[in-house]
Amino acid sequence: MTTPRPSAARPRRPTMIDVAREADVSLKTVSRVVNGVTTVDPELTERVLAAVARLGFRRNNMARDLRSRSTSATVGLLIEDLANPFYAGIAAAAAQCALEHDTLLITASSEEDAARERSLLLRMCEQRVDGLLVVPAGSTADHAYLRAEIELGTPAVFLDRPPTNLRADTVLIDNRAGARAAIEHLVARGHERIGVLSDWLSIHPMAERLSAAEDALERAEVAYRPDLIRYGLHTLQDTEAAVEKMLAAPQPPTALFALNNRITLGALGVLNRLRQDVALIGFDDFETAGLMARPLTVVSYDAPAIGRIGAELLFKRIAGDRSRPRTVVLPTTLVERGTSGGPSES
């Protein structure tokens, strides 16, 4: 009895994965090219089409099924607080950019909770979003868990705050320059007792702004006053209590520097209620700043640009851009707001 010779292996039909490997691009890029998406980089499109021709790839129903699982024409945006005008502006700009790319933007809020952030981002990845826009939670977050998702073809761009333990595109504000300019502005007007009001220092921009403000005070040879530094002011009530305590001290501040828009509003409420002639600078502009019945200076910047530039970077990655991660830093400027009907700034 003879043993039958093993039959030769049947040729395997090439898949999108084979095309992606041959063209050295992501699976999502191949899917977009073979399905006629026009926003893919032309050079990458040529590479994919050349690989298709070399391998003899043919799209079929299974390939169309793969497309439905690998691309969703959606991107995820994770921010901190939708009610905050700062984040609302970022979301609106990102949504407009997504609309221009015929893509749906899914938005969620982490509420400064690192565990909630991780859960929401991984859930978005499970829903096969094409990419992620992320405003990270406090510095306790570790974004190494996203490395595998990025390597599998789901790019991420970080907004306002850099990622931790992960290299990715990032869009930031020049927090240090803005804080230095604010302190220099107050010192130039003769203020030496300057109260600085900060949110949680686990939030990256807060730590940068407070550090830069303290450096500027030291360079101006203003005596260090720990009683005039307050941090952990996460709500309006936190800020109001801190400002009231400062103003009741034997040597109250003659000026305040609020490190975000929520803190600025809390400080304004106390100063107006107590009719205190105290100068105020706030980091972050806001729509009603010009309506305040007192002089108010703000550290201003193009907040919607954070969302717009971040989304543009993300769609370039989705289209196949494989260059090194980049960081974009947006400039700040001091702007006079408020009216002349209230107490004098100086």
Side-chain angles (χ1 to χ4, degrees), residues 26 74-82 84 86-98 101 103 105-125 129-176 178 199-209 260 284 301-319 321-332:
S26 71
T74 60
V75 295
L77 169 64
L78 186 70
I79 58 178
E80 300 310 316
D81 181 5
L82 277 169
N84 189 318
F86 170 71
Y87 295 116
I90 290 175
Q96 178 59 38
C97 186
H101 286 81
T103 298
L105 183 74
I106 301 173
T107 305
S109 175
S110 71
E111 304 297 334
E112 294 289 1
D113 184 325
R116 177 181 170 89
E117 172 197 288
R118 179 185 178 117
S119 174
L120 287 170
L121 289 178
L122 291 179
R123 192 177 304 172
M124 288 180 180
C125 290
V129 296
D130 294 336
L132 297 169
L133 293 167
V134 185
V135 177
S139 60
T140 56
D142 184 343
H143 300 100
Y145 65 89
L146 284 176
R147 191 173 297 125
E149 300 295 338
I150 292 173
E151 290 173 354
L152 287 171
T154 305
V157 176
F158 287 76
L159 311 177
D160 187 44
R161 312 169 186 181
T164 302
N165 294 326
L166 183 72
R167 293 193 66 208
D169 295 319
T170 308
V171 184
L172 303 174
I173 302 161
D174 196 343
N175 293 298
R176 299 192 68 85
D199 202 328
W200 297 330
L201 295 185
S202 61
I203 300 172
H204 181 266
M206 294 297 104
E208 279 204 322
R209 293 170 192 178
N260 68 19
D284 301 332
Y301 49 88
D302 188 353
I306 300 172
R308 183 178 67 253
I309 294 172
E312 289 170 352
L313 288 172
L314 183 65
F315 280 108
K316 286 180 181 178
R317 295 296 182 188
I318 292 171
D321 181 0
R322 302 184 69 180
S323 61
R324 289 192 179 96
R326 58 181 299 202
T327 297
V328 178
V329 180
L330 302 181
T332 61

Minimum heavy-atom distance Leu133-Ala94, with the two atoms named: CD1-CB, 3.9 Å

Arg161 (side chain) donor-acceptor with Pro136 (main chain) under 3.5 angstrom: yes

I need the minimum non-hydrogen distance between Ala137 and Glu117, along with the two atoms involved. N-OE1, 2.6 Å

Say whether, by atom type as modelled, one donor and one acceptor occur between the side chain of His143 and the main chain of Asn165 under 3.5 angstrom. no

Return yes if some donor-acceptor pair links the side-chain N/O of Asp169 with the main-chain N/O of Arg326 below 3.5 Å, else return no. yes

Is it the case that the side chain of Thr170 and the backbone of Ala168 share a donor-acceptor pair, with hydrogens and angles ignored and the cut-off at 3.5 Å? yes

Please check if the side chain of Arg116 supplies one atom and the backbone of Ser109 the other of a donor-acceptor pair under 3.5 Å. yes

Pairwise distance CD(Glu208) to CZ(Arg176) - rounded to 0.5 angstrom: 6.0 Å

Is Glu149 paired with Arg118 through a side-chain N to carboxylate O contact shorter than 4.0 Å? no

With rounding to the nearest 0.5 angstrom, report the CG to CG distance, Leu313 to Asp321. 8.5 Å

Which of Asp174, Asn175, Asp284 passes side-chain hydrogen bond (donor to acceptor under 3.5 Å, both in side chains) with Tyr301? It is Asp284

Min side-chain heavy-atom separation Arg317-Phe315 under 4.5 Å: no

